[in-house]
Amino acid sequence: MKKCWLLFLVLSCTFLAQSKDWTQYVNPLMGTQSSFELSTGNTYPAIARPWGMNFWTPQTGKMGDGWQYVYTANKIRGFKQTHQPSPWINDYGQFSIMPMVGKPEFDEEKRASWFGHKGEEATPYYYKVYLAEYDIVTEMSPTERAVLFRFTFPENAHSYIAVDAFDKGSFIQIIPEENKIIGYSTRNSGGVPENFKNYFIIQFDKPFTYKATVNNGNIQENATEQTTDHAGAIIGFKTQRGEQVHARIASSFISFEQAARNMKELGNDNLEQIKQKGQKAWNQVLGKIEVEGGNLDQYRTFYSCLYRSLLFPRKFYELDEAGKPVHYSPYNGQVLPGYMFTDTGFWDTFRCLFPLLNLMYPSMNKEMQEGLINTYKESGFFPEWASPGHRDCMIGNNSASVLADAYLKGIKVEDVKTLYEGLIHGTKNVHPTVSSTGRRGYEYYNKLGYVPYDVKINENTARTLEYAYNDWCIYQLAKELKRPEKEIQLFAKRAMNYKNVFDKDSKLMRGKNEDGTFQSPFSPLKWGDAFTEGNSWHYSWSVFHDPQGLIDLMGGKDMFITMLDSVFSVPPVFDESYYGPVSYTHLTLPTNREVLRTGYS
């Protein structure tokens, strides 16, 4: 009887979680009031499915601007397919679509329309906005690799839709007899092979009475095809007041044929049905965590942040005719079987995001881990920052943390031999062209036990501290895999290398020269230099794996507490000379907490 009641309670709680609308707390506009000079999140409204291959966003920024949507803007230039993980990394494979009336325009300044936030609705799975310039309502709702747009036009004999394939090499073709536009974009910010393309298909449900293609800004009426630096297309028709025109769009990094296959994700669904399915998909993942006891603003903050945590790393794989995963490799340019994920930097995500995925979304993280194995097979290295391929950004060898932590928590890849081989390879190699991949300075680290300050390797002490933690992760995995004892002890010893850059006089981590002397003069307030986006006061605590060892180095519990308290009492003063002009605000921890509580609304 007790078992029956327990089963009833579990099923009841599951049903309740599934029936509750967690998306009501998510605000995709949160964090968009940002700029190059000052970030309050550096986000954009990513209208997507969880971990979807493509996101869609209204575009207020100029073509190529990493701040592609900012809350303070008042004009929309288009609705853009985006794969951007951050404004600093920027985008790839992007293209956009924009409705208008009156006169066909392609220039992004001339086609832009006024809009206001009162006429805007944004959820994770649906976006709607009123374009005041044209009296047009635009709506969109995506699947993982496709999207359905609905444009509600006014009465006008001259209604148009522009498709912008962006610059840096693009192709467009209008197929009027099929009410279709196809094209590809090659625009990227790095990390792609030479044959990179994002192929797209746009299927309309209304015949064209006007057609033109665009060659580097030159509108050529009745021309149906362009291959040039900056290609585009404009189609037109007469509309009645309130007439709705739909555009079904799908894309692929593999081929036009695969894009057509991806279009099947939309099926015969209308916008309301796709919205409903998108809402369900988001509720399934957001509902994994239920919080209690807070106020409405706290719920909104929590679930808006959880939504952000379930966007990246994104799926970079597609499904073939048999429904099996296949991907275009951003590492070698081949089309290969299996999973692939991208658009994440482990320096930023190994501490929090991947432990969250291990605990709450293990089946999805299993796919991600298999994708990492494929990355190593295709490029010779595990990624550290990928978008879509290896990018030269940040430091550390934190793929070791991401892979070892998952395996030790039961998320085990099929090919553990390659997993371990790749981790060991990363400890004694650096990528030949992308120095943030592998371990820059490994020769010094493996010989001296630290990366010296005076050998022209920047952020050296931070590298030492992160490599030591990475070695501890490998040490744990080596024990689990019952590797030879000599090998296990090697990484156990290297995990203690953090001690080699601890300065007993200041009781802080400090740059150390090749001859064993500490760098001088030493300012613990200096950002960068020996550290990465922080200073000695921050990085001195970067000993995640051996807190007792750090306590002992600092002179025991009392001194450790005094030093820890000092982090909160030291004035928020910093020396930014290493970075030059600072483009975002560095804050002390108490101030950060207050900003998180009040500023992200």
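Numbering of residues begins at 1 and proceeds along the displayed sequence.
- With sequence neighbours excluded, the residues that form a side chain to side chain contact (heavy atoms under 4.5 Å, CB included) with Met496 are Tyr498, Lys499, His545, Asp546.
- Contacts of Trp51 classified as side-chain hydrogen bond (donor to acceptor under 3.5 Å, both in side chains), with partners at least two apart in sequence or in another chain: none.
- Considering only residues two or more places apart in sequence or on other chains, Arg187 meets the side chain to side chain contact (heavy atoms under 4.5 Å, CB included) condition with Met63, Gln94, Phe166, Asp167, Lys168, Ser185.
- Geometric assessment of Lys428 against the ring of Tyr442 yields a negative cation-pi assignment under the 6.0 Å and 45° thresholds.
- Under the rule for a side chain to side chain contact (heavy atoms under 4.5 Å, CB included), the partners of Lys557 that lie at least two apart in sequence or sit in another chain are Ile561.
- With sequence neighbours left out, Tyr420 forms a ring-ring contact (aromatic ring centres under 6.0 Å, His included) with no residue at all.
- Distance CH2/Trp385 to CG/Asn398: 13.0 Å, rounded to 0.5 Å.
- By the side-chain hydrogen bond (donor to acceptor under 3.5 Å, both in side chains) test, Gln59 is found to be paired with no residue, residues two or more places apart in sequence or in another chain being considered.
- Side chains of Asn460 and Tyr450: no donor on one and acceptor on the other come within 3.5 Å.
- In this structure, Lys412 satisfies the cation-pi test against Tyr407, with its NZ or CZ atom closer than 6.0 Å to the six-membered ring centre and inside 45 degrees of the ring normal.
- Cation-pi geometry between Arg510 and Phe531 is not met: the NZ or CZ atom fails to fall both under 6.0 Å from the ring centre and inside 45° of the normal.
- Cation-pi geometry between Arg351 and Phe544 is not met: the NZ or CZ atom fails to fall both under 6.0 Å from the ring centre and inside 45° of the normal.
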